[in-house]
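Here is the structure we will look at.
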Amino acid sequence: MKAEKLVEITGADFFTGVPDSQLKALCNYLMNTYGIDAKHHIIAANEGNCTAIAAGYHLATGKVPVVYMQNSGEGNIINPVASLLNEKVYGIPVIFIVGWRGQPGIHDEPQHIYQGEVTVKLLEDMGISTFIINKDTSDEEVYQAMGEFKKILSQGKDVAFVIGKDALTYDGKAEYKNENTMLREEIIKHITEVSGGNPIISTTGKASRELFEIRTANGQSHQYDFLTVGSMGHSSSIAFGVAVNKPDVKIWCIDGDGAALMHMGAMALIGANKPKNLVHIVINNGAHETVGGMPTVASQTDLVAVAKACGYPNAVCAENFDELDRELMKAKECCELSFIEVKSAIGARGNLGRPTTKAIDNKKEFMSYLKTL
């Protein structure tokens, strides 16, 4: 069905969420219709964040908001759904629109398989009534489902449209770009050249895919890298956990701006503990590029100032390759916690592949390598 038709059927005029490739049609429609407008459309840092924003909207207006997200974000909404929205607490009605990655019977990446299996069950366990929209679901069926949902919402309960693969379409186009010149893949090449045989923990999405292909192109082993293919926002915490237990080994974390924003509290923890062997690099293109390019607020956020405020003793920004190479070498030679923000353009190779090894094998190979260090 058309994304604009689904919006019409919900009857909502406020939308907040975290972008998802499964919901790209909806995200592009909202961007073209509203842009980023606090009155109508907010892209949040994480799914719990947007659920709380939606609650505030309802408290101020009495109207029902829409929260959109990938099903991987269900874990982030459990707390606010159970302890804030639930009818046994404040009874705040919300319409969730959930992209169903890993839908049973449809091929997907390994990090989505189990999440896909439990997607509907998790929603129902939280008391959220669900309706699945697949490619062949008619507008009339969705109208009827919304009729039932309205009764549920009027009782202060929550509902969810679960969106299957290719279920939503949108004829409009949305272009996402910035003024930065460095491409993320080239940035990662420079990081691998300087880091040498040091372990790297890379964030979810295209960054890990590019790192994997760079190693392959260079004829290098993948043992050096832990690819955080899921669990967005947690690569820096994983790197911190490795760093404190391998204090004599330089550990590099390749992070993204959307991921860093999603769980920014990790930076406070890292800065407070100051592991001397950790280099935290945030490649900032101001976009959720892996899922379509929708903007983050990172282009308006001074991440270096954030890192310094969190206690990172060394925090800098690189806007060109000369600056990047200089700061990478400083971080490698430094015996203190380092933070490097790298300004990146939006864009990736059209033929960018995905890791050809299993996640479990990546873990085993990485752990075996760590034992040798």
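Cluster annotation: I9 is not connected to I132 through the hydrophobic network of ILVMFWY side chains, with a link wherever side-chain heavy atoms come within less than 4.5 Å. Hydrophobic clustering, with ILVMFWY side chains joined whenever heavy atoms are under 4.5 angstrom apart, groups M1 together with I97. Criterion: ILVMFWY side-chain heavy atoms under 4.5 Å apart, direct or through other members. Under it, V64 and M126 are not part of a common hydrophobic cluster. In the hydrophobic clustering of ILVMFWY residues, with side-chain heavy atoms under 4.5 Å counting as a link, L269 and M232 come out apart. Under a hydrophobic clustering in which Ile, Leu, Val, Met, Phe, Trp and Tyr are joined whenever their side-chain heavy atoms come within less than 4.5 Å, directly or via other members, L85 and I53 fall into different clusters.
More than 12 heavy atoms of other shown residues, nucleotides or ligands fall within 6.0 angstrom of atom NZ in K274. Taking a 6.0 Å sphere around OH of Y143, one finds it holds more than 12 heavy atoms contributed by other residues, nucleotides or ligands. When the shell of 6.0 Å around NZ of K24 is examined, it contains 12 or fewer heavy atoms from other residues, nucleotides or ligands. Annotation: E179, atom CD; neighbour count of heavy atoms from other residues, nucleotides and ligands within 6.0 Å does not exceed 12.
In this structure, the side chains of F149 and T10 stay at 4.5 Å or more apart for every pair of heavy atoms.
Side-chain N or O atoms of D158 include none that pairs as donor or acceptor with a backbone N or O of F96 at under 3.5 Å. Judged purely by atom type and a 3.5 angstrom limit, E117 has no side-chain atom pairing as donor or acceptor with the backbone of P104. Side chain of N178 to main chain of S344: a donor-acceptor pair is present (N/O by atom type, distance under 3.5 Å, no hydrogens or angles). The backbone N or O of A345 sits nowhere less than 3.5 Å from a side-chain atom of N180 that would complete a donor-acceptor pair. With E319 contributing its side chain and K343 its backbone, the two residues share no donor-acceptor pair below 3.5 Å. In this structure a side-chain-to-backbone donor-acceptor pair under 3.5 Å is present from N32 to K173. Remark: side-chain polar atoms of T16 are paired, donor with acceptor, to backbone N or O of I42 under 3.5 angstrom.
Note on ring orientation: taking the six-membered ring where Trp is involved, the planes of Y29 and Y170 are perpendicular (angle over 60°, cut-offs 30° and 60°). Using cut-offs of 30° and 60° for the angle between ring planes, the F226 and F366 rings count as tilted. Note: Y369 and Y224 have perpendicular aromatic rings, judged against thresholds of 30 and 60 degrees for the angle between ring planes.
Separating the CH2 atom in W252 from the CD1 atom in I281 is a distance of 5.5 Å, to the nearest 0.5 Å. Of the inter-residue distances, the one linking D13 atom CG with T33 atom OG1 reads 12.5 Å to the nearest 0.5 angstrom. Rounded to the nearest 0.5 angstrom, S338 OG and L278 CG are separated by 8.5 Å. Distance check, rounded to the nearest 0.5 Å: CG of D255 to CE of M262 gives 11.5 Å. Distance check, rounded to the nearest 0.5 Å: NE2 of H234 to OG1 of T203 gives 10.0 Å. How far CD1 of I346 is from CZ of R184: 9.5 Å, rounded to the nearest 0.5 Å.
A salt bridge does not link D139 to K2: none of the charged nitrogens lies less than 4.0 Å from a carboxylate oxygen. E148 and K151 are joined by a salt bridge, as a carboxylate oxygen and a charged side-chain nitrogen come within less than 4.0 angstrom of each other.
Side-chain polar atoms of S138 and E140 form no donor-acceptor pair below 3.5 angstrom. A side-chain N or O of Y68 and one of H41 form a donor-acceptor pair less than 3.5 Å apart.
Scanning both residues, A331 and K250, for their nearest heavy atoms gives O-NZ, 3.0 Å.
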Fill in: ring pair (Phe, Tyr, Trp, His ring centres under 6.0 Å) assessment of F339 paired with H280
CA-CA 5 Å; F339 178 90; H280 185 185; 5.5 Å; yes

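In summary, of the residues considered (L123, I128, N71, I133), a side-chain contact (heavy atoms from CB on, under 4.5 Å) with V162 occurs for L123 alone. Each of E185, E193, E186 was checked for a side-chain hydrogen bond (donor to acceptor under 3.5 Å, both in side chains) with K189, and the lone residue meeting it is E186. With H222 as the fixed residue, the side-chain contact (heavy atoms from CB on, under 4.5 Å) test singles out one of L211, T216, T356, L227: T216.
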